[in-house]
Amino acid sequence: MRLKQVSLAAAISVVAGLTTATVGLTGPVAWADGAGALPLSHYAHLVVDGAHQHLFFSQGAGTAGIVVTDLAGAPVATVDGEQGADGLALSADGRTLYAALSDGDAIAVIDTATLTETGRVDTGTDSAPVSVAVAGGKVWYSYTDADGMGTVGALDPDGLTATPQPAMPHWTTAPLLSTGGGVLAVQGAQPYTTLVATYDVSSGTPSPKADMGLGGTATGPVKVTADGTKILVPQSASVYVYSTADLSSATPRGYYTGGVNSSPDAVAVDSDGTIALGAPAGSGAGAYVYASDQIAENHFTFPAGTVAPDGLAWGTDGRTLYAVTHGNGSYTLDVLGDAKLTDTELSLDAPSPYAIPTEQFTLNGTVGGHGFVPAGATLKVTRDGTDLPDATVGADGSFVITDTRQDEGGYSYEVSYSGDATHRPATTALKVWVSRIGTTIPYPEFSSVAPHKVAFTGTVMTDLSRGPFAQGTAVQVTRTNDDTQESAKLPAAQLDPATGAFAVTDDPGTAGRFTYSLSFEGDATHEPGANDISTLVSPYTPALTLKAPTTAPRGAALSFDARLSDGPYAGGETVTVTRADAAHTTTPVTWKAPVAADGTITVKDTPSVGGANTYTVDYAGDGGHQAATASATVQVSRATTSLSVAANASTYAYGATATVTAHLGTTYNGRTVSLWATPAGGRKTLVKTGTVDSKGNLKGTYKVTRSTTFTASYAGDYRYAPATATRAVSGQVKVAQALSGYYTSTTYSGTTYRVYHRKTRPTVTTTVSPDKSGQCVKFQAQEYYSGAWHTLNTSGCFTLGSKSAVAAELSLSNAVNQKFRVRSEYVRSSKDTTNVSTWGGWQYLTVRT
């Protein structure tokens with residue numbers, strides 16, 4: 001049986017033999033947009049000939065020509081007859097190109113000036129050489145020996161004679177070669193391991209240095225650095241660095257290429273140590289350029305595709321990077337003329353918080369990019385076209401500009417960097433506004449508002465807390481009686497130069513409403529500020545505080561203190577104390593308590609009812625004090641009772657009725673319990689409230705359509721505390737299935753089968769309730785043989801449509817007289833928190849001619 005997704009339905013095909021059937025999946029293929037292509041049918045290797053301004057492209061097995069272009073990628077010629085040209089290498093003097101002919105069993109020798117083959121060295125029948133490298137006066141090549149194993153040979157460029165290297169190890173296939181600094185690296189292939197051997201070939205004779213397997217499979221050819229000290233190994237997420245001496249980890253440990261599974265497969269090392277890496281996969285696909293550390297100088301992306309395997313090469317001019325990219329079956333050459341130069345990121349920040357007349361202010365800036373601008377570099381600075389002293393770049397890329405302006409207004413600052421060996425020039429500008437500091441006088445803090453003493457403290461606030469103030473600066477104060485409109489000028493309030501704080505003390509001589517006008521005239525750096533403060537001088541408003549405990553035992557003596565501020569108080573004054581509890585909600589218990597001269601009050605009581613006991617103390621006031629009231633709640637202890645909730649099942653079919661039972665233990669004067677249901681994703685609803693029976697039970701019923709949590713709650717009584725209990729149950733969905741397209745029905749052993757012609761394409765429809773649009777349904781098909789049902793396959797997920805349904809087609813072939821049955825399962829995903837996975841019933845069918 002095969003499964004296939006089409007349009008809005010899932011299609012299931014049944015392929016039945018005598019006793020077996022199979023299931024498979026198919027899916028769409030995505031294609032990228034096209035791009036301009038190099039004249040290549042395939043791509044294998046790239047060599048840059050700077051002396052003749054040429055690029056050489058080999059095309060690998062099955063091709064017969066080496067394509068030659070100029071340095072811009074324009075076609076120049078094709079060296080024909082080079083069967084399966086794969087690896088390429090230039091001689092040390094650049095006059096000769098060597099090509100490994102994998103289909104020609106030879107090494108071709110090509111004159112780079114005339115672009116013609118001048119010689120060919122046979123490497124043996126079926127040797128299929130794939131890689132060449134030049135070092136130590138020899139041309140090293142890899143090939144397959146007579147025993148079918150990969151090995152390395154050496155070619156004398158003078159006599160054009162090929163010599164096997166018997167001391168070399170053997171690999172399962174012809175290895176890949178890389179040279180640098182007189183070191184030859186040989187890269188073999190083996191599943192899950194990168195086999196690497198290094199040799200000193202500076203004398204022309206290989207001297208072993210290291211030979212071992214490195215963890216992980218290489219995703220591209222390894223490369224030796226120009227000085228021969230390190231080898232770069234591309235793997236799944238990065239390019240790792242090892243010492244060629246012993247293949248231990250080197251510094252830096254590796255180079256990032258865009259994250260997990262970026263699969264870098266191209267590495268190019270320039271003579272100055274600059275490294276270029278190509279990654280075809282992941283969000284960071286493209287080419288990366290690294291200089292001396294692990295911070296990428298540049299990251300390039302290519303519109304025509306991604307870098308081809310081994311598709312990077314540095315030019316001989318010390319700055320150009322050539323990239324062969326591949327997309328939609330075509331190859332493109334991208335020439336990056338300034339690959340080592342990065343954009344300079346030059347920023348300049350406004351003064352913090354802002355610039356003020358006569359005060360020095362600072363502009364902070366940074367210079368950076370994908371590498372640091374050299375410390376000590378200078379930046380040209382101007383203000384409105386006038387040169388200011390140059391700024392110097394610090395070790396962290398920061399710089400500072402200081403200036404002072406006497407007048408308010410806007411000033412334009414410009415900073416320029418001329419660039420360096422790795423950074424492009426850059427300029428940035430900033431408009432700076434110089435203005436006086438704004439001031440405000442917020443509402444002050446009153447320490448006294450009494451008939452014979454008004455005292456308050458205030459502050460002249462500045463924007464962003466900028467100061468200070470000059471010595472002797474003051475706030476002018478005027479008092480106005482709002483009832484009589486009489487005004488009086490009060491002594492000026494001196495400002496604290498550092499904080500701007502001031503204090504005012506006054507005796508208005510009478511009660512009433514007064515307005516205090518506060519004004520600050522401003523100075524050279526501060527703007528004026530003012531505020532009118534209105535206050536009511538009235539009798540004292542005492543604060544009444546209670547020091548009641550948070551808890552107390554029931555039936556025990558309780559005593560706590562209260563206090564009225566703003567004493568003294570006359571003898572004989574009292575307060576009214578009330579206590580409200582569960583037994584006295586509408587008619588609290590009330591008594592009197594005396595007030596001492598210093599305002600102290602003692603409250604005494606013996607609470608008899610558990611739970612919240614609220615004590616309220618009311619003071620009626622006198623001629624010098626206004627009324628005051630305060631309350632405190634004391635939680636009086638209550639015993640604990642038991643409460644549980646149970647359901648008659650743990651899982652319910654869709655729409656089934658659950659019977660829920662709450663059980664309450666011993667209580668005093670309350671036996672009422674409430675049952676609640678909270679369906680997943682829904683609101684908590686009341687199922688039933690009532691008095692438990694003589695056994696302490698209360699039962700209720702609830703229709704379950706999704707997973708539900710049942711909660712039993714007891715509100716408590718005079719002596720027993722409230723209690724809650726929960727029970728969670730699971731709710732299934734309703735899975736409805738139907739077969740259509742049959743021409744009759746029949747019965748086997750009491751089971752109804754739908755009968756189909758062998759060429760009919762019947763449909764099975766599954767509908768899930770409640771609506772599960774966008775969720776998963778799996779199909780399972782079984783065949784009856786050997787006296788039992790056997791599962792043919794269980795499909796992957798198919799998505800329910802907008803009506804929470806999915807239709808599947810059954811294509812039946814070679815199934816005549818066979819018995820089948822199909823069912824579907826709703827598979828709950830992590831997004832569905834309301835129902836659990838549910839199987840539907842079987843649908844039975846058979847096929848007749």
Side-chain angles (χ1 to χ4, degrees), residues 545-562 576-591 593 602-618 629-648 650 658-680 682-702 707-729:
T545 56
L546 307 185
K547 298 182 180 179
T550 57
T551 60
R554 187 181 62 82
L558 169 65
S559 177
F560 61 88
D561 291 334
T576 300
V577 182
T578 60
R579 182 193 74 227
D581 54 34
H584 303 89
T585 57
T586 58
T587 56
V589 180
T590 303
W591 68 95
T602 299
V603 177
K604 297 181 178 181
D605 189 29
T606 302
S608 60
V609 177
N613 281 237
T614 300
Y615 292 87
T616 301
V617 178
D618 287 304
T629 186
S631 296
T633 299
V634 179
Q635 292 292 337
V636 177
S637 62
R638 286 190 283 184
T640 301
T641 187
S642 62
L643 181 65
S644 63
V645 60
N648 63 334
S650 59
T659 299
V660 186
T661 303
H663 179 76
L664 178 66
T666 301
T667 60
Y668 176 64
N669 65 330
R671 300 295 286 167
T672 299
V673 172
S674 295
L675 279 171
W676 302 81
T678 306
R683 295 183 177 181
K684 184 177 181 180
T685 58
L686 180 64
V687 176
K688 185 176 183 180
T689 295
T691 302
V692 298
D693 61 20
S694 60
K695 296 181 179 180
N697 295 327
L698 177 69
K699 292 187 178 182
T701 58
Y702 181 79
S707 298
T708 302
T709 298
F710 294 106
T711 303
S713 62
Y714 168 62
D717 60 18
Y718 293 174
R719 297 184 181 180
Y720 282 83
T724 61
T726 62
R727 170 65 187 274
V729 299

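Computed from a predicted structure; not experimentally measured.
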Visitor: Tell me whether Lys688 contacts the main-chain N or O of Lys699 through its side chain, where contact means a donor paired with an acceptor under 3.5 Å.
Guide: yes

Visitor: Please step through side-chain contact (heavy atoms from CB on, under 4.5 Å) for the pair Val645 and Val660, ending with a clear verdict.
Guide: CA-CA 7 Å; Val645 60; Val660 186; 3.5 Å; yes

Visitor: Return the minimal non-hydrogen interatomic distance between Pro722 and Ala715, and the atom names on each side.
Guide: CG-O, 3.3 Å

Visitor: Hey, could you give me the OG/CZ distance between Ser650 and Arg727, rounded to the nearest 0.5 Å?
Guide: 6.5 Å

Visitor: Between CZ of Arg671 and CG of Asp693, what distance do you get to the nearest 0.5 Å?
Guide: 9.0 Å

Visitor: Could you tell me whether the side chain of Tyr714 and the main chain of Gly665 form a donor-acceptor pair under 3.5 Å?
Guide: no

Visitor: For the atom pair CG (Leu698) and OG1 (Thr689), what is the distance rounded to the nearest 0.5 Å?
Guide: 8.0 Å

Visitor: Please list, chain by chain and in numerical order, all residues satisfying salt bridge (Lys or Arg N to Asp or Glu O under 4.0 Å) with Arg579, sequence neighbours excluded.
Guide: Asp581, Asp605

Visitor: For residues 631-639, tabulate all N or O donor-acceptor pairs below 3.5 Å that involve a side-chain atom, not counting sequence neighbours.
Guide:
from	atom 1	to	atom 2	distance (Å)
Ser631	OG	Thr616	OG1	2.9
Thr633	OG1	Thr614	OG1	3.2
Ser637	OG	Arg554	N	3.2
Arg638	NH1	Asp717	O	2.7
Arg638	NH1	Tyr720	O	3.4

Visitor: Could you report the tightest heavy-atom contact between Ser644 and Ala712, atom names first, then the distance?
Guide: O-CB, 4.4 Å

Visitor: Over 60° means perpendicular and under 30° means parallel, so tell me whether Tyr668 and Tyr718 are parallel, tilted or perpendicular.
Guide: tilted

Visitor: Quick one: OG1 on Thr711 to CG on Leu675, what's the gap to the nearest 0.5 Å?
Guide: 9.0 Å

Visitor: Would a distance-only check, ignoring hydrogens and angles, find a side-chain to backbone donor-acceptor pair under 3.5 Å from Thr629 to Val617?
Guide: yes

Visitor: Check whether Asn697 reaches the backbone of Thr661 with its side chain - one donor and one acceptor, N or O, closer than 3.5 Å.
Guide: no

Visitor: What's the spacing between Leu643 CG and His663 NE2 if we round to 0.5 Å?
Guide: 9.0 Å

Visitor: In sequence, state the C-alpha distance, the side-chain angles, and the governing distance for Leu558 and Tyr615, and then conclude on side-chain contact (heavy atoms from CB on, under 4.5 Å).
Guide: CA-CA 12 Å; Leu558 169 65; Tyr615 292 87; 3.6 Å; yes

Visitor: Could you pull out the closest heavy-atom pair between Ala593 and Val577, with the gap in Å?
Guide: CB-CG2, 4.1 Å

Visitor: Checking the side chain of Asn648 only, and the main-chain atoms of Thr659 only, is there a donor and an acceptor separated by less than 3.5 Å?
Guide: yes

Visitor: Mind listing the closest non-hydrogen atom pair of Leu664 and Gly670 along with its distance?
Guide: CD2-O, 4.4 Å

Visitor: Just jot down the side chain to side chain contact (heavy atoms under 4.5 Å, CB included) partners of Lys604, sequence neighbours excluded, or say none.
Guide: Ser559, Thr602

Visitor: With the side chain counted from C-beta on, respond yes when Val603 and Trp591 share a heavy-atom pair under 4.5 Å apart, and no when they do not.
Guide: yes

